[in-house]
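In the text below, chain A, chain B and the rest are named by the order of the sequence lines, each starting its count at 1.
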Amino acid sequence: MTTVAVIDFETTGLSPAMGDRATEIAIVLLEGDRVVDRYQSLMNAGVRISAFIEAYTGISNEMIATAPPAAQVMDEANRFVGGRPMVAHNASFDRRFWTAELQRLGQAAEQPFACTLLLSRRLWPEVRSYRLGSLAAYHGLPDAGRAHRAMADAETAAALWCRIRTDLHSRYGVAQARHALLMHLQACSRKALPRAIERHRAAVH
DNA sequence: TGCCAGGCCCTCTTTAGGGCCTT
């Protein structure tokens, strides 16, 4: 059974290209629908956290001051994930920070990413908002704790990923659902528009 | 102190613009 690594970053802003850095990382390893391991850490990248971000995430400069260095945390996180496929909500965001933080260590980010936001848009077009919290409420997912902290959001994204797999399995069968998700992973890793589900629908109908 | 981006996707589209989503 394929194990995936569901990741969530808290950061100082939206763009590593503009100097933003990660402040917290959480990774949940999923084997099927079962959580088999977790990794979580604050990290000190030597940058200040704005008042807006502190209010948004609850992560303060005092918390970061005593956190381990970002390089150490990212090295541990990369070892923890290994070569497993990764999953995130709005994966383009987390993939940018994953790549940028690892590049600072001279490490390549070679894992493919799947995106629960893009898959949710495909699967449930009737949903009004595709924010992680809105999708969690829509599906009645368990409360994972304070939103916008890395582990809570990673746990929620993991539950959403399980819901996506279950929905795909019930609609298309296990084998074809697995094929659709594989195509989605390949498309995301190429930065291309993932239309796995439409392609799958077109192939079925 | 205040500001910043990138990708998907819809539509009043494709020679473009704007909303959504992530922090």
Exercise for the section: Decide yes or no for Ile7(A) and Val87(A): does some side-chain heavy atom of the first lie under 4.5 Å from some side-chain heavy atom of the second? Expected result: no
Problem - Side-chain N,O (His89(A)) to OP1/OP2 (dC21(B)) below 4.0 Å - result: no
Problem - Contacts of Tyr138(A) that satisfy ring-ring contact (aromatic ring centres under 6.0 Å, His included) - sequence neighbours left out - result: none
Handout entry: Distance in angstrom units between Tyr138(A) OH and dC21(B) C1', rounded
Key = 18 Å
Practice task
For Phe9(A), report the nucleic acid contact type (base, sugar-phosphate, nothing); a contact means any heavy atom under 4.0 Å.
Solution key: sugar-phosphate
Problem - Salt-bridge criterion met for Arg171(A) and Asp167(A) (N-O under 4.0 Å) - result: yes
Practice task
Classify the nucleic acid contact of Ser50(A) as base, sugar-phosphate or nothing, counting any heavy atom under 4.0 Å across all strands shown.
Solution key: nothing
Handout entry: Distance, C1' atom - from dT15(B) to dG19(B), rounded to whole angstrom
Key = 22 Å
Problem - Atom pair distance, as rounded to whole Å: CD1 in Ile53(A) and P in dC4(B) - result: 13 Å
Practice task
Take atom CZ of Arg128(A) and atom P of dC20(B), then tell me their distance rounded to the nearest Å.
Solution key: 12 Å
Exercise for the section: Report yes if at least one side-chain N or O of Tyr56(A) is closer than 4.0 Å to OP1 or OP2 of dT23(B); otherwise report no. Expected result: yes
Handout entry: Spacing of Arg121(A) atom CZ relative to dC20(B) atom P, expressed in whole Å
Key = 10 Å
Handout entry: Phosphate-side-chain proximity, Thr11(A) and dT22(B), N/O vs OP1/OP2 below 4.0 Å
Key = no
Exercise for the section: Please tell me which of the listed nucleotides, dA5(B), dC21(B), dC8(B), lies nearest to the side chain of Leu14(A)? Expected result: dA5(B)
Exercise for the section: Using atom CZ of Phe52(A) as one end and atom P of dC4(B) as the other, report the distance to the nearest whole Å. Expected result: 12 Å
Practice task
Have a look at Thr12(A) and say if it touches a base, only the backbone sugar-phosphate, or nothing, with a 4.0 Å heavy-atom cut-off.
Solution key: nothing
Practice task
Check every strand shown and say whether Asp8(A) touches a base, only sugar-phosphate, or nothing at a heavy-atom separation below 4.0 Å.
Solution key: sugar-phosphate
Exercise for the section: Round to a whole Å and report the spacing from CZ of Phe93(A) to C1' of dC8(B). Expected result: 16 Å
Completion exercise
When Ala17(A) and Gly13(A) are each assigned the nearest nucleotide of DNA chain B, the 5'-most assignment goes to Ala17(A)
Exercise for the section: Sticking with atom P, work out how far dT13(B) lies from dG18(B), rounded to a whole angstrom. Expected result: 13 Å
Handout entry: Of the listed nucleotides dC8(B), dC21(B), dA5(B), the one nearest the side chain of Leu118(A)
Key = dC8(B)
Practice task
Determine, for Asp75(A) against Arg79(A), whether the closest basic-nitrogen to carboxylate-oxygen distance falls under 4.0 angstrom.
Solution key: yes
Practice task
Would you mind reading off the distance between Arg95(A) atom CZ and dC21(B) atom C1', rounded to a whole angstrom?
Solution key: 14 Å
Completion exercise
The answer to which of Leu117(A) and Ser15(A) contacts DNA chain B further toward the 5' end, by nearest nucleotide, is Ser15(A)
Exercise for the section: Using atom CG of Leu119(A) as one end and atom C1' of dC21(B) as the other, report the distance to the nearest whole Å. Expected result: 15 Å
Handout entry: Pairwise P distance, dC3(B) and dG7(B) [rounded to whole Å]
Key = 24 Å
Handout entry: P-based separation of dG2(B) from dG6(B) [nearest Å]
Key = 24 Å
Practice task
Using the C1' atom as the reference point in each nucleotide, state the distance between dT23(B) and dC4(B) in Å, no decimals.
Solution key: 12 Å
Practice task
Taking the side chain as every heavy atom from C-beta outward, state whether Ile59(A) and Ile53(A) have any pair of such atoms under 4.5 Å apart.
Solution key: no
Problem - Lys/Arg N to Asp/Glu carboxylate O, Glu101(A) vs Arg21(A), below 4.0 Å - result: yes
Completion exercise
From the candidates dT23(B), dG6(B), dC4(B), the one with an atom nearest any side-chain atom of Arg96(A) is dG6(B)
